[in-house]
Amino acid sequence: MSPRRRPSGGRIDRLRTIRFTFDGTAFTGHQGDTLASALLANGVSLFGRSFKYHRPRGLLTAGVDEPNALVTVLRGDVREPNIPATMVEIHDGLVAVSQNRFPSLAYDVSAVNQLGGKVLSAGFYYKTFMGPVVGPLKGTRFWMLCEKIIRRAAGLGRAGHAPDTARYERMNAFCDVLIVGSGPAGLAAAREAAASGANVILAELDPQFGGSANWSGETIDGEPAAAWASDIVGELRDQANVRLLKRTTVWGYYDDNTLAAVERVSDHKASPAKGAPRHRHWTIRAGKVVLATGAFERPLVFPGNDRPGVVMASAAQRYANEFGVLPGDKVAVFTNNDSAYRSAVALNNAGATVAAIVDVRAEISEECHTLARQCGAELILGHAVTATEGGRKLTGIKLAPFTVATAALPSGVRSIEADCLLMSGGWSPTIHLASQAGARPLWDAELQAFLPPETGKGWVGAGAFNGTFSTAKAIAEGFAAGRVAANLPMVEIGALPDVEPAALDPRPAPVFEIRAKGKSFVDFQHDVTSDDVRLAHIEGFVSVEHLKRYTTLGMATDQGKGSNVPGLAIMAEALGKPIPEVGTTRFRPPYAPVSVGALAAERFGDLKPERLTPMHDWHLDNEATMYSAGLWFRPMIYGGPGETIEQAYVREARATRETAGIVDVSTLGKIAVQGPDAAEFLDRVYSNLFSTLPVGKARYGLMLREDGLVFDDGTTWRLGDNDFLMTTTTANAGKVMQHLEYFLDVVWPDLKVHLTSVTDQWAGAAIGGPKAREILASCVTGTRVDNEALPFMGIVHGEIAGAPVMICRLSFSGEMAFEVYSGAGHGTHVWEALTEAGKPFGMVPYGLEALGTMRIEKGHVTGAEIDGRTSARDLHLGWMLSRKKPFIGSAMMDREGLVASGRLELVGLVSLDNRPLSGGAHIVEEIDTANPHGSLGHITAACFSPALEKYIALALVADGKARHGTRAHVSDPLRDRFGPVEIVSHHFFDPEGKRMHG
């Protein structure tokens, strides 16, 4: 048996031994152990080093609120840092290591930081490393040097670089009632809601349902609380309308009762079952939510309160009763409330010696006197612990008389030998999810805690979440909450459940800190001391949000679980204000850390959504090489055997110029603009007129930003008097929609216009080339496509292979071209009919590389040139700036900076050394390979032109038009590319547009 393992009791299976390693040392535990309980059972007291001072730290809690014992779990080469050891279930082969220490946990050289004293107080890096005003480290350079050292010396765990090979999964769930927390209140709510027939989800972050019932030592209606909880869980498991989710942390509460949760499916297994994910992310949409999330016990703030061996009283009780482990052999207790007395009895019953109970209160209830006698402890009232003794583990405590009313510490110090100190500073309801949902916490002076409002929009609370610390009353509240959530009429509950022993008074004395000499920690995870909080006040921080950020109090994975109220109390005292007037920070999601893999789920390796056009499978079946363009996957080339990318796109572009080509344009942004004021709206949005556009015609349009720079371009089709279809560039579709909605909702709310994104509703194919009209004529029915019926920018409606289509004659490639739109469901069908019709004419499919080549040859602009810095005149589109009407950007487009000489203008470049050009390369007058300088501009897009048989590019060059016919050089030191180029017009091919209009 391990040194501190009880011979019996708890929920562990002593017949099943599990082997694991921590910091390279082999240990054993039992099924049901956490890493924390197993190491504690093996006599381990040192679990980590603190964030800033590298002080030795041991276990403080037994749950998700653990701030000290953060470990890195290794799975092969994959590292997952910053996991509380209290939340790691051991399994055979588990490998975990401690963090933030060098060379070892026992001997950490950075512990010398403890000698830094006030030099390392809150915000020291803001004030200390600004650097001298002269010399090589002037200004911020000194900080940049120091930052590297600070980051190595401080912090939490170290992330790895190996790819995570685990599988993740995501689920969507809908329920009538979601219950968060499965303690007595949550179980009562679940049973009552389920009995009504409502669809119920019960989520519990621990591996076992029951919450405090598993370790409280109480009896409920004559049976052990753990057995009572197990019976209810068994009932719920047998009901078809109930879903039980254990090991599931509900971490976010969002609008419309949408909650986010992550289920740890396989972390507790040596190897996951076939097909099982490691984590499963749940998006739960609930009719009503019952918050039965319990409460956290708060630490007391006194010198040495972070020494290994100082443990929260309830955590020690849980280790003894649930895991069968003693956190110490000779125990002392320090408290300001009654609940710690029950913990003292539990430790005594488990075999520990309770040396003393130190209570700041001068008077306590007779029940507490009885409990102190029951555990054989010396009861020391009106005293406070003023220091702890020991090195890497506790050996004793010091105490002195204490007066609650004045917080005074009279003379007189006494020492008590102990290897474990249980402390309790009262309880803080776990209101994080309610806060995320928008609830404003209310201060309760009796409980010295922030409570949620009585109820919220979409949720109802029960149990300790409400500040109810009687198990009997918590069950009654759970019963009532279950009925409210299931929309059942309220009925009398009758007699409360019989719970033994009776609840103690949860109201603490208003004592948060014992001010004595030495470091007193408020936030253990971030090494924030009480002096740091007072320093923030001295330096002028009066807002709790500023306090949080300046000191880091309650940030990162902690989210104020234990430190929030003590920190606010110390701040309130410094300000001379009551705690409710100072207020509290708003808790933000996630409630506890969430793996990035769970958020990405099936999108392994890519956090962006993968948008596929309706013809995606056809492209793959026809040897297309796909790549990401914006959020879409599009064909790059349709490569033949042995072809390079350049050879493929040159072949595709040449074939399109000679006969015909077809390209998938489904990804273009498409927005339906409808309503009586649609034409007026477009006149205000575009720089050119659209109200004069006839029905059945399209027009090229240009949008400016409010500052007069180009925002986007595209064509808009008039389908009816009040019905327009706007197209945008693929990458800018979302931005344009946001832009339009902003002006419609905020600037022009009087306009009667409705906007609908229809990008995914339309599949699009563009056919271009000399044979394009003949191909269309061979397969389109219901309309003619000759020049009279379908002139340039005209629109017709017909059918292809029985599917309705809309066809507009417009060109991006410089050829006679037609865009064919069909419903997305008909996309592949229409595409295949078009390709079949094109076979006798030699039509080829082409990808983005060939499309880009032809657009460069024609001199059309895209996002590479519309980069947020160019004006319409820079792009030779000044002819589109109407002088007949105001529009977005018209007031700013003529400002001095946008019409000044020397601006970068769009030009064409021809390589004179017959070598490729690359986007981003600079244009210079003279080459200087040793010291590249004197940039005239840069290349925006480049290709090999099959029409010119040369390497060409588009570029933005200062006074570009005036430089036509001159020579310059490309300077690209990163790719070691230097060489001569000729600056020409950006219209390389068919500048008169004869092919497009032919």
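Hydrogens, waters and symmetry mates play no part in the numbers below; they use all other heavy atoms, side chains included.
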Chemist: Going by distance alone, is a donor N or O of one side chain under 3.5 Å from an acceptor N or O of the other, for Asn214 and Gln208?
Modeler: yes

Chemist: Report yes if the side chains of Arg11 and Phe323 come closer than 4.5 Å at any heavy-atom pair, otherwise no.
Modeler: yes

Chemist: What are the two closest non-hydrogen atoms of Gly328 and Ala352, and how far apart are they?
Modeler: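 That closest heavy-atom pairing would be O-CB, 3.7 Å.
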
Chemist: Look at the side chain of Ser365 and the backbone N and O of Cys368, then say whether any donor-acceptor pair between them is shorter than 3.5 Å.
Modeler: yes

Chemist: Tell me, do Leu379 and His369 make a side-chain contact under 4.5 Å, heavy atoms counted?
Modeler: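 With C-beta onward as the side chain, the pair touches.
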
Chemist: For the pair Asn68 (side chain) and Gly58 (backbone), establish whether a donor and an acceptor sit closer than 3.5 Å, ignoring hydrogens and angles.
Modeler: yes

Chemist: Output yes when a side-chain donor or acceptor of Tyr319 lies under 3.5 Å from a complementary backbone atom of Ser314, and no otherwise.
Modeler: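 Side chain of Tyr319 to backbone of Ser314, a donor-acceptor pair under 3.5 Å: no, none is there.
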
Chemist: Compare all side-chain heavy atoms of Asp338 with those of Pro506 and state whether any distance is below 4.5 angstrom.
Modeler: no

Chemist: Determine whether the aromatic ring centres of Tyr591 and Tyr253 lie less than 6.0 Å apart.
Modeler: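 Not under 6.0 Å, so no.
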
Chemist: Atom CG of Leu326 and atom CG of Leu347: how far apart are they, to the nearest 0.5 Å?
Modeler: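 Reported to 0.5 Å precision, the distance equals 6.5 Å.
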
Chemist: For a side-chain contact (heavy atoms from CB on, under 4.5 Å) check, start with the C-alpha distance between Thr219 and Val499, then their side-chain angles and the critical distance, and finish with the verdict.
Modeler: CA-CA 6 Å; Thr219 62; Val499 178; over 6 Å; no

Chemist: Taking NZ, NE, NH1 and NH2 as the nitrogens, is one of them in Asp306 or Arg57 under 4.0 Å from a carboxylate oxygen of the other?
Modeler: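 The answer is yes: the pair qualifies as a salt bridge.
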
Chemist: Tell me the closest heavy-atom pair linking Gln317 and Trp215, and the distance in Å.
Modeler: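 The pair with the smallest heavy-atom distance is NE2-O, 3.8 Å.
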
Chemist: Take Leu422 and Val331 through the side-chain contact (heavy atoms from CB on, under 4.5 Å) test and state the conclusion after the steps.
Modeler: CA-CA 7 Å; Leu422 278 54; Val331 175; 3.3 Å; yes

Chemist: Is it the case that Glu89 and Thr34 place a side-chain donor and acceptor less than 3.5 Å from each other?
Modeler: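 Distance-only check fails for Glu89 and Thr34.
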
Chemist: Any donor-acceptor pair under 3.5 Å linking the side chain of Glu204 with the backbone of Ser182?
Modeler: yes

Chemist: Measure from the side-chain N and O atoms of Asn336 to the backbone N and O of Val511, and report whether any donor-acceptor pair falls under 3.5 Å.
Modeler: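 Yes; at least one donor-acceptor contact below 3.5 Å.
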
Chemist: As a quick check of understanding, evaluate salt bridge (charged side-chain N to carboxylate O under 4.0 Å, His left out) for Arg318 and Asp65, giving each step before the final call.
Modeler: CA-CA 14 Å; Arg318 183 175 179 184; Asp65 52 332; over 6 Å; no

Chemist: Calculate, to the nearest 0.5 Å, the distance between atoms OG1 and CE belonging to Thr249 and Met87 respectively.
Modeler: 5.5 Å

Chemist: Report the C-alpha distance between Glu500 and Asp498 in whole Å, list the side-chain angles of each, state the deciding distance to 0.1 Å, and finish with yes or no for side-chain contact (heavy atoms from CB on, under 4.5 Å).
Modeler: CA-CA 7 Å; Glu500 290 292 338; Asp498 182 20; 3.9 Å; yes

Chemist: Any ion pair linking Arg278 and Asp267 (charged N to carboxylate O, less than 4.0 Å)?
Modeler: yes

Chemist: Give a yes or no on whether a salt bridge exists between Asp33 and Arg16, defined as a side-chain N under 4.0 angstrom from a carboxylate O.
Modeler: no

Chemist: Salt bridge check: are Arg264 and Glu169 linked by an N-O gap of less than 4.0 Å?
Modeler: no

Chemist: Less than 3.5 Å apart, any donor N or O on the side chain of Ser339 or Asn337 sitting next to an acceptor on the other?
Modeler: yes

Chemist: Please table the atom pairs, donor to acceptor, closer than 3.5 Å between any side-chain atom in residues 441-452 and protein atoms at least two apart or in another chain.
Modeler:
unit_1	atom_1	unit_2	atom_2	d
Asp444	OD1	Glu446	N	3.0
Asp444	OD1	Leu447	N	2.8
Gln448	NE2	Ala445	O	2.7

Chemist: For Arg4 and Asn42, which I'm curious about, is there any donor-acceptor pair between the side chains at under 3.5 Å?
Modeler: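 No, no side-chain donor-acceptor pair sits under 3.5 Å.
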
Chemist: Consider only side-chain N and O atoms of Glu263 and Trp282, and report whether a donor and an acceptor are under 3.5 Å apart.
Modeler: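 Distance-only check passes for Glu263 and Trp282.
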
Chemist: Distance-only, no hydrogens or angles: does the Asn305 side chain make a donor-acceptor pair with backbone N or O of Leu300 under 3.5 Å?
Modeler: yes

Chemist: In terms of side-chain heavy atoms, does Ser216 have a donor or acceptor partner in Glu218 at a distance below 3.5 Å?
Modeler: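 There is such a pair between these side chains.
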
Chemist: Could you work out, with side chain to side chain contact (heavy atoms under 4.5 Å, CB included) as the rule, every residue matching Thr293, not counting sequence neighbours?
Modeler: Val180, Thr430, Leu433, Phe465

Chemist: Take Val88 and Leu94 through the side-chain contact (heavy atoms from CB on, under 4.5 Å) test and state the conclusion after the steps.
Modeler: CA-CA 10 Å; Val88 178; Leu94 172 70; 4.0 Å; yes

Chemist: Flag the pair Lys246 / Leu202 as yes when at least one side-chain heavy-atom distance between them is below 4.5 Å, and no otherwise.
Modeler: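 No, side chains not in contact.
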
Chemist: Just by modelled atom types, is the Val233 backbone N or O under 3.5 Å from a matching donor or acceptor in the Arg191 side chain?
Modeler: no

Chemist: Tell me whether Asp176 contacts the main-chain N or O of Asn199 through its side chain, where contact means a donor paired with an acceptor under 3.5 Å.
Modeler: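 At least one qualifying donor-acceptor pair exists.
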
Chemist: In plain terms, say whether Arg237 and Asp231 are close enough for a salt bridge, that is, a side-chain N and a carboxylate O under 4.0 Å apart.
Modeler: no

Chemist: Please examine the side chains of Arg507 and Phe469, heavy atoms only from C-beta on, and report whether any two atoms are closer than 4.5 Å.
Modeler: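 With C-beta onward as the side chain, the pair stays apart.
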
Chemist: Does the Asn241 side chain pair with the main chain of Ala194, one donor and one acceptor, at a distance under 3.5 Å?
Modeler: yes

Chemist: Just so I know, are the side chains of Pro299 and Phe524 near enough to count as touching, which here means a heavy-atom distance under 4.5 Å?
Modeler: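 Pro299 vs Phe524: side chains touch.
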
Chemist: Just so I know, are the side chains of Pro589 and Tyr254 near enough to count as touching, which here means a heavy-atom distance under 4.5 Å?
Modeler: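 Counting from C-beta outward, Pro589 and Tyr254 do come under 4.5 Å.
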
Chemist: In terms of side-chain heavy atoms, does Glu477 have a donor or acceptor partner in Asn466 at a distance below 3.5 Å?
Modeler: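 Yes, because at least one side-chain N or O of Glu477 sits under 3.5 Å from a partner of the opposite role on Asn466.
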
Chemist: Ignoring hydrogens and geometry, is there a side-chain-to-backbone donor-acceptor pair from Thr86 to Gly63 under 3.5 Å?
Modeler: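 Yes: the side chain of Thr86 pairs with the backbone of Gly63.
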
Chemist: Indicate whether the side chain of Arg298 and that of Ser428 have a donor and an acceptor atom separated by less than 3.5 Å.
Modeler: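 Their side chains do contain a donor-acceptor pair, which is all the 3.5 Å distance test asks for.
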
Chemist: Please indicate whether Lys473 has more than 12 foreign heavy atoms, meaning atoms of other residues, nucleotides or ligands, lying under 6.0 Å from its NZ.
Modeler: no

Chemist: Do Ile179 and Ile201 come within less than 4.5 Å of each other through their side chains, counting heavy atoms only?
Modeler: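 No - every pair of side-chain heavy atoms lies 4.5 Å or more apart.
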
